[in-house]
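One structure below.
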2 protein chains.
Amino acid sequence: MVLSGGTSPSISTETHERIVKAAAELGYTPNRFAQALRTSRTMTIACVVPDISNPFYPALMRGVQSVTDGENYDLIAFNTDGTPDRERHFLAWARQGRVDGVVGVFFTLRASDFRPLVESGVPVVRIESSKKQGGPIAIDDIYVDSRAAAEAVTNYLTSRGHTRIAMVAGRGGPQGTRVEGYKAALLAAGGTPHVVIVDEFSEAGGLGAAETVLASGYKPTAIFAANDLMAIGVMQALRERGIEIPGEIAVVGFDDISAAKLVTPPLTTVTQFQRDMGVKAAQILMHRLRGPRGEAGTAIEMPFGLIERNST
Amino acid sequence: MVLSGGTSPSISTETHERIVKAAAELGYTPNRFAQALRTSRTMTIACVVPDISNPFYPALMRGVQSVTDGENYDLIAFNTDGTPDRERHFLAWARQGRVDGVVGVFFTLRASDFRPLVESGVPVVRIESSKKQGGPIAIDDIYVDSRAAAEAVTNYLTSRGHTRIAMVAGRGGPQGTRVEGYKAALLAAGGTPHVVIVDEFSEAGGLGAAETVLASGYKPTAIFAANDLMAIGVMQALRERGIEIPGEIAVVGFDDISAAKLVTPPLTTVTQFQRDMGVKAAQILMHRLRGPRGEAGTAIEMPFGLIERNST
DNA sequence: CTGTTAGCGCATTCAG
DNA sequence: CTGAATGCGCTAACAG
């Protein structure tokens, strides 16, 4: 009992220490799996991300891990590639009783898809990119309001005199909401939105999209890319044509990946404080694990921040 | 038995399918922890890295995961920050019978530190940055010869006419070997080495080191940084002083992190094919898990590759 | 070849 | 308050 971390007033501190010491000398350590079998608590959390090698996610995971470590939970990393197949596969996997809880980013699953898992007693905290309500299913959401962030970016640009602002984005994921925010804000400011959507949300996609914008006759004074990788592609396209950044065209990205401050000129972008999000998500999960399993889901908003660098 | 993935010629394919189907309908799935308790195989692998948010490691982890996934092992991510404390803590953790095997990068632990773990039946595959021999302890090493890579970089620069090549490096980790290789190759080519060591192996460190080099009167025509982050810092320092890259001073890095090709100009660097290393390491681990637990350790070398971009 | 049983190491319950 | 007995769900060994 002592070794499991339990507390009882009936055992004196002295005895307690004797036990701990003896255990250390004998090299004894309780078997996690026997514990898990008996208590049906695995002391393991799954962290699900679309791509661990996408620079956006490791910081999130670090945040999660910093709290799970402190609570003696192990963290299992799970990549889904953001595909429906692999996300469903994760659900099946998680239902095998391998983990006590889940925190993750899901591109294709809907809240109802989690119902069986949650009802089997495994709490889920999702990290989302648009406003959520907190439905009847006991899933907790934590989100950054991407739409508002995109509006903020657009307003920042218009406040600096830009009216011809183009946006480039990829298909899928959170990028749709960002486009909406941009459109709304630009219309409100009296501008005319111009959006180019491409398949890949990568540098190559950004480069191609920028070329389309330049060929369109829209003549933008600023280009807003739905993520940093695309923004970097945009910058490459502009540089190839000898267009000065930000002199002739300003560029803004989204995510604040580590490369954003390393390109030339350093990229103005939006941070989502991903580490903080990870911490917060894990805390919410820990809270569920300790207490109210069945209560309705919550949704809490996290801040974003505009980071001004020299590309604008 | 069927569900555990066993094989027996005595069961017809038809029966086999009936069982699997029935199990699917009933939603039955064997409990991993009961299995683990009974068989003392946890079906879990630990992947230990100094810093998951350092762009170098996620690709490695992906490689590892691509093979563990295929073998139905879970992957637990473990960050050590490369500190002795946390690396020792990992050892203690691993001895609690939580994982069947370990693959990782260790900065401070020595082969002998792993002996208790390995002798308790948990195979370890280390990823190293200098030539290893394969000692008596049953640890498998897989390494890239950093020294040779640093020599190759230096030779590449001298072959392009550089003789005044400075090197900047951080303390600890694999950077020492890289400095050795540089010195040896430059001396062999008749040059005079000039090394600046700083505490942090980050951009800031690289920036400071570059300033030291420039202030020294060495007047380099090329600067070789022990990793890409430092190289990027060097580039910033040069840019601040209006020194043209590569016209006046060429810059080379090490690691080929994703940012390397995104900076301006794109950075010439050395790749260690980190994903391949992860795959290979995991394969070796799987081999150990299936067979020869006690055999002497092996050490296999992995290739590096010089990636020429526009910074040279 | 199918059906039964013991026990992996723990946390919990019940008797002492 | 301490000690022994039970069973978590499974696999492996054994008997029928």
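A, B, ... follow the sequence lines: proteins, then strands. Residue 1 opens every chain. Just so it is clear, the values below take in all heavy atoms, side chains as well, and ignore hydrogens, waters and symmetry mates.
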Review point. Does any non-hydrogen side-chain atom of B:Thr68 lie less than 4.5 Å from one of B:Asp74?
Key: no
Check your understanding: Where do A:Tyr73 and A:Arg41 land on the side chain to side chain donor-acceptor pair (under 3.5 Å) test, with the steps shown first?
Key -> CA-CA 10 Å; A:Tyr73 279 87; A:Arg41 296 189 67 206; 2.6 Å; yes
Practice item. Can you tell me the distance, in whole Å, between the CZ atom of B:Arg38 and the C1' atom of C:dA6? Key: 8 Å
Review point. Taking it one step at a time, do A:Asp141 and A:Lys131 satisfy salt bridge (Lys or Arg N to Asp or Glu O under 4.0 Å)?
Key: CA-CA 9 Å; A:Asp141 287 316; A:Lys131 220 161 185 119; over 6 Å; no
Point to revise | Any A:Gln35 side-chain N or O less than 4.0 Å from OP1/OP2 of C:dC10 | key: no
Exercise for review: Give the rounded distance in Å between these two atoms: CG of A:Leu37 and P of C:dG9.
Suggested key: 12 Å
Review point. Which listed nucleotide (C:dA11, D:dA12, C:dG9) is nearest to the side chain of A:Asn31?
Key: C:dG9
Review point. Do the numbers put A:Arg171 on top of the ring of A:Phe201, so that NZ or CZ is under 6.0 Å from the six-membered ring centre and no more than 45° off the axis?
Key: no
Point to revise | A:Arg41 CZ - D:dG9 C1' separation (whole Å) | key: 19 Å
Study note, to complete from the structure: Taken to the nearest whole Å, CE/B:Met43 to P/D:dG9 is 21 Å
Practice item. May I have the distance from A:Phe33 (atom CZ) to D:dT11 (atom C1'), rounded to whole angstrom? Key: 16 Å
Check your understanding: Choosing from C:dC10, D:dC10, D:dC8, which nucleotide comes nearest the side chain of A:Pro30?
Key -> C:dC10
